[in-house]
Amino acid sequence: MCETKQKTQATPKVATGDRAILPEGAKTIPVYIMGKKYEVPETLTIMKAMEFAGFHFLRGAGCRGGICGACPTVYRMAGDYKLHFGLACQTVVQADMYLAQIPFFPANRADYSIEEIGGLPEAIHALYPELFRCVACNQCTKACPMDVDVLGYISALKQGNIEKAAKLSFDCIQCGLCASRCMGEIPQYHAAQLARRIYGRYILPNAEHLKTRVEAIEAGHYDAMLAELEQMSKEDLEKKYVEREREPDFAEVGSWSPAETKYL
């Protein structure tokens, strides 16, 4: 259950922070939040609709950009038996939506040292033996708000293919909705995170440019620049940041390099 605090005072229709402004004559629709009916603007996301209704998020509201996984939502539509899933910061409300927030799902997370467990599949199997309780029902994939092939990467882990599992689970945001639907009680997203860590530590070839950059840092190449930044005022730092040279948003990969190269 989302940790929220219901405001008792009347809701003013003014902009305060992330609060939505209700335009004159805007159409509202009924939604049911934690079992209570509210009238909210039809174009809002679930998160903004809840704030419009008077809820103040104490938990379950992280990046608001569909990345952090802090706002998983389970909802039903009136007259429909099916459970639906989404992120509150991305999913737009619909009329007669019955919803509840699940900001944290307490799935088991194994303790380990990435340096000690090594890079063999057996390490994952030993830490998460429940992987083999999977019956391929695919409820995990159906629950994923990021359209990750959860069953696919679980099958890859069972087969010992860490690289495949790491790549299939790359877009996982750790929301836990997959685990909430699993009849085998598998913490899929934790196992996938371990697979990506093993893949990055033991399987993926080391990047030469990263090695070169680390050597430059250790040699003190950037010490003078950092010391200069530390002496600047907040205003000067903000100005320098705003005026910084940026790669164009749609530049082709490898086609751009900065005019000023002393910081490279």
Side-chain angles (χ1 to χ4, degrees), residues 1-4 31-35 44-51 53 55 57-94 96-110 124 127-158 164-197 199:
M1 186 66 70
C2 178
E3 293 184 38
T4 55
V31 297
Y32 296 82
I33 305 171
M34 311 301 181
L44 298 184
T45 62
I46 289 173
M47 185 172 286
K48 287 187 176 293
M50 290 181 69
E51 289 173 325
F55 287 89
F57 281 88
L58 304 178
R59 298 288 188 276
C63 69
R64 294 178 178 263
I67 299 298
C68 74
C71 62
T73 304
V74 179
Y75 64 92
R76 292 184 189 273
M77 303 303 299
D80 183 6
Y81 72 91
K82 186 177 180 179
L83 277 175
H84 299 271
F85 307 89
L87 298 177
C89 69
Q90 300 295 299
T91 307
V92 177
V93 290
Q94 302 175 57
D96 296 320
M97 175 185 279
Y98 292 76
L99 60 91
Q101 296 298 107
I102 309 178
F104 172 71
F105 192 81
N108 173 56
R109 182 183 182 280
I124 299 178
L127 290 167
Y128 294 103
E130 55 267 41
L131 288 170
F132 295 96
R133 292 205 297 261
C134 175
V135 296
C137 67
N138 208 33
Q139 288 300 316
C140 51
T141 301
K142 292 178 181 178
C144 181
M146 302 301 288
D147 295 324
V148 172
D149 183 5
V150 184
L151 176 59
Y153 75 65
I154 290 298
S155 298
L157 288 177
K158 291 166 64 178
K164 182 178 180 180
K167 291 180 177 179
L168 285 176
S169 67
F170 184 79
D171 290 327
C172 173
I173 57 175
Q174 304 290 114
C175 70
L177 283 172
C178 54
S180 73
R181 296 290 288 159
C182 181
M183 68 173 65
E185 299 181 329
I186 303 168
Q188 293 93 333
Y189 62 111
H190 287 323
Q193 185 182 65
L194 175 55
R196 294 193 297 276
R197 288 174 173 169
Y199 178 63

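Between Leu177 and Gly86, the shortest heavy-atom contact is CD1-O, 4.3 Å. Heavy-atom minimum distance, Ala179 versus Pro187: CB-CA, 4.3 Å.
Here the side chains of Pro145 and Thr73 are not in contact, with every heavy-atom distance at 4.5 Å or above. Side-chain contact between Arg76 and Lys82: absent, with no pair of heavy atoms (C-beta onward) separated by less than 4.5 Å. When side chains are defined from C-beta on, Ile33 counts as touching Leu99, because their heavy atoms get closer than 4.5 Å. Here the side chains of Arg196 and Ser169 are in contact, with some heavy-atom distance below 4.5 Å. Under the 4.5 Å side-chain criterion, counting only non-hydrogen atoms from C-beta, Tyr32 is in contact with Asp96. The shortest side-chain heavy-atom distance between Val74 and His84 does not fall under the 4.5 Å cut-off. In this structure, the side chains of Arg133 and Glu185 come closer than 4.5 Å at one or more pairs of heavy atoms. In this structure, Met146 and Cys172 have side chains that are not in contact, with every pair of non-hydrogen atoms separated by 4.5 Å or more.
Shown here is Lys158, whose NZ atom has more than 12 heavy atoms of other residues, nucleotides or ligands within 6.0 Å. Taking a 6.0 Å sphere around CZ of Phe132, one finds it holds more than 12 heavy atoms contributed by other residues, nucleotides or ligands.
Checked against Tyr75 for a side-chain contact (heavy atoms from CB on, under 4.5 Å), the options Leu83, Thr91, Val31 give a single hit: Thr91.
Put simply, the side chain of Tyr128 gets close to the backbone of Ala110: a donor and an acceptor are under 3.5 Å apart. In this structure, the side chain of Thr141 engages the main chain of Val150 through a donor-acceptor pair within 3.5 Å.
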task = Please lay out, stage by stage, how Gln139 and Met183 fare under the test side-chain contact (heavy atoms from CB on, under 4.5 Å).
result = CA-CA 9 Å; Gln139 288 300 316; Met183 68 173 65; 5.6 Å; no
